[in-house]
Amino acid sequence: MKILFAADEYPYSAYALNEIIRLAVNTWADVTLMAAGPVGIEIPQEHPLLRALQKYREIFLKRSETEGSPYARKNWRHEWLPLKNGLFEELLVCRGEKRDVRVCFRNDNPVSGILAEAREEDSDLIILGCTKGQECIWQDAPPVPQRVVNDADCSVLLVKEEQPVTRILACLDQSYISQDSLEMINQLATIHKAQVELVGLSQSGDMKKDVYRRLIEIGDYYEDRQIQVATQLTEVKDFEKFVAHELKQDLLALWVGRKSLLDRFYPRDWVGRFVSKCQTSVLVMR
Amino acid sequence: MSPKKLKIMVLDDEPIVCKRLQPALEKLGYEVDTFTQSLEALHRIRDFDYDIIITDLKMKGVDGMRFLQEAKKRRPETEVIVITGFATLETAKESFQKGVFDFIAKPFKLSEIQEVVAKAAAKIQAQSG
């Protein structure tokens, strides 16, 4: 699994780092810690984003340092690395023993920088933090979390605050559910020892047959894998209220797809809207 | 003389995983057998030698950890790659103590598994001279 941690220098990013460490040490993911911002031609070594990335790298390596850690930096070797204008320089680098932790900075607008990095690295998951409650912003670039959640090609885990996750509420409003997204929920349920609750979205008390069938299949899938699973139905028109008021120590998991009922019921950019309404962390799956 | 085709077993109780992996590995020139029942796979390794085994961990009947142990006991030079949807630090450590070549959490990209298989194949070929 390839995880991209997109961060700035504020405390919510440090909170989100805890989630990525937990996920990475359990799944042996390839990890990239990144930041992006327009800085001009030269980046000052004391730039706060660079200092934050260095601190996150130190914390990551220290906290993941268990016996047999895949990230232990033991592997020194010379590598040719591109610098600028076609110039390469041979540098001595130290790679992780079995998995690597890349640290990179993009001289770009944060949203386009994060999305480009995720695309180029073929990331499975972007993790980023944001402010608590209904704000859901980055301090120096407010729209970043919602824009990344809306526009990313891969799944996004938005960590709102440091809190235990005891339930994963997976909201199903369409029949197309990728195997990758089911597996992503498996991993998060395993790591948090969380119960999965499938929330089927209905319209005037009805659900499309294929969506209902898929809901049952997914319930069976998790039961077969000894994950505690429960099911409930919620009206699509009440979903915003449900998201805003009923979620406490929960992770809200939303599937985003072309056949989504939410997509038809709510205006454009509904994902970002629900994410900001939700008081807890959100996993947007693609 | 062309190098001998390496034989790979894929064991996962989810047919979709076998269905994805088989063509992706055959395309790279490996000979691939897939199994969704671990007991059946266990019988198979008793009378057939695989160079590489890719196995899931959580399965009904014989689980992946026991399968890995049996496979390494029967033929230590077989390289085993574990794929799991329920990864924990403990299962990763236990897999390595039992001699696994690599540990990959689901979801994974095909390119990721192809890369790990290529590394295992390179090790096997280097050892066989």
Side-chain angles (χ1 to χ4, degrees), chain A residues 1-3 21-31 63-72 96-100 118-119 121-125 153-155 177-194 196 217 220-227 283 285-286, chain B residues 10 12-22 24 36-38 54 56-61 63-65 79-120 122-123:
Chain A
M1 187 171 3
K2 287 184 177 178
I3 304 177
I21 293 170
R22 193 183 348 221
L23 193 55
V25 295
N26 283 288
T27 61
W28 290 40
D30 283 307
V31 172
R63 296 257 318 268
S64 64
E65 204 177 67
T66 53
E67 188 202 330
S69 165
Y71 305 103
E97 199 176 19
K98 294 193 175 72
R99 294 290 186 274
D100 213 6
R119 259 194 311 272
E121 281 302 304
D122 210 6
S123 303
D124 295 293
L125 180 68
D153 296 326
C154 64
S155 298
I177 302 296
S178 70
Q179 179 70 16
D180 282 7
S181 65
L182 292 177
E183 288 165 354
M184 192 68 82
I185 289 181
N186 279 348
Q187 298 292 4
L188 289 167
T190 304
I191 289 163
H192 290 286
K193 297 185 173 60
V196 173
E217 281 168 7
D220 291 346
Y221 172 90
Y222 287 121
E223 259 176 16
D224 281 352
R225 283 152 187 82
Q226 288 96 47
I227 287 182
L283 172 67
M285 295 171 293
R286 293 187 165 89
Chain B
V10 177
D12 197 307
D13 60 358
E14 290 179 67
I16 191 169
V17 176
C18 296
K19 212 172 149 188
R20 272 180 79 203
L21 287 181
Q22 186 161 27
T36 53
Q37 305 285 331
S38 53
I54 300 170
D56 188 14
L57 277 187
K58 207 170 195 171
M59 291 178 290
K60 280 184 186 154
D63 70 16
M65 207 58 89
E79 296 297 350
V80 181
I81 297 162
V82 160
I83 48 173
T84 178
F86 306 85
T88 63
L89 191 57
E90 290 71 32
T91 49
K93 270 190 198 166
E94 197 184 339
S95 305
F96 276 91
Q97 280 159 2
K98 290 185 163 64
V100 81
F101 179 79
D102 209 340
F103 180 89
I104 297 173
K106 296 175 185 174
F108 52 75
K109 297 255 165 33
L110 286 175
S111 58
E112 197 179 340
I113 204 127
Q114 285 169 329
E115 206 176 294
V116 173
V117 167
K119 281 184 194 162
K123 185 180 169 195

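A, B, ... follow the sequence lines: proteins, then strands. Residue 1 opens every chain.
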When B/Q97, B/E112, B/M59 are compared by non-hydrogen pairs under 4.5 Å with chain A, the top option | B/E112
So B/F108 and A/K2, side chain to side chain contact (heavy atoms under 4.5 Å, CB included) or not? Walk me through it.
-> CA-CA 8 Å; B/F108 52 75; A/K2 287 184 177 178; over 6 Å; no
Apply the test side chain to side chain contact (heavy atoms under 4.5 Å, CB included) to residues B/K58 and A/Q226: give CA-CA distance (whole Å), side-chain angles for both, the deciding distance (0.1 Å), then the verdict.
-> CA-CA 10 Å; B/K58 207 170 195 171; A/Q226 288 96 47; 3.5 Å; yes
Any side-chain heavy-atom pair from B/D13 and A/R225 closer than 4.5 angstrom?
-> yes
Considering all heavy atoms, the nearest A/M1-B/K106 contact | CE-O, 4.1 Å
Under the salt bridge (charged side-chain N to carboxylate O under 4.0 Å, His left out) rule, collect the residues that match up with A/E121, sequence neighbours excluded.
-> A/R102
Whatever's closer than 4.5 Å to a heavy atom in chain B on A/S64 counts as neither
Determine the interplanar angle of the A/W28 and B/F103 rings, folded into 0 to 90°, and report it as parallel if under 30°, tilted if 30 to 60°, perpendicular if over 60°.
-> tilted
Less than 4.0 Å between a side-chain N and a carboxylate O, is that true for B/D102 and A/K98?
-> no
Residue A/Q179 excluded, over 12 heavy atoms near CD under 6.0 Å = yes
Hits for salt bridge (charged side-chain N to carboxylate O under 4.0 Å, His left out) against A/D100, two or more places apart or cross-chain, chain-then-number order -> A/R95
By salt bridge (charged side-chain N to carboxylate O under 4.0 Å, His left out) - contacts of A/E217 (at least two apart) | A/R214
Where along residues 83-92 of chain B does a heavy atom come under 4.5 Å of chain A, listed by residue number?
-> B/T84, B/G85, B/F86, B/A87, B/T88, B/L89, B/A92
Side chain, backbone, both or neither of A/I185 within contact of chain B (heavy atoms, under 4.5 Å) | neither
So what's closer than 4.5 Å to chain B heavy atoms on A/Q187: side chain, backbone, both or neither?
-> both
Of all the heavy-atom pairs spanning B/K109 and A/D122, show the shortest one and how long it is.
-> NZ-O, 3.0 Å
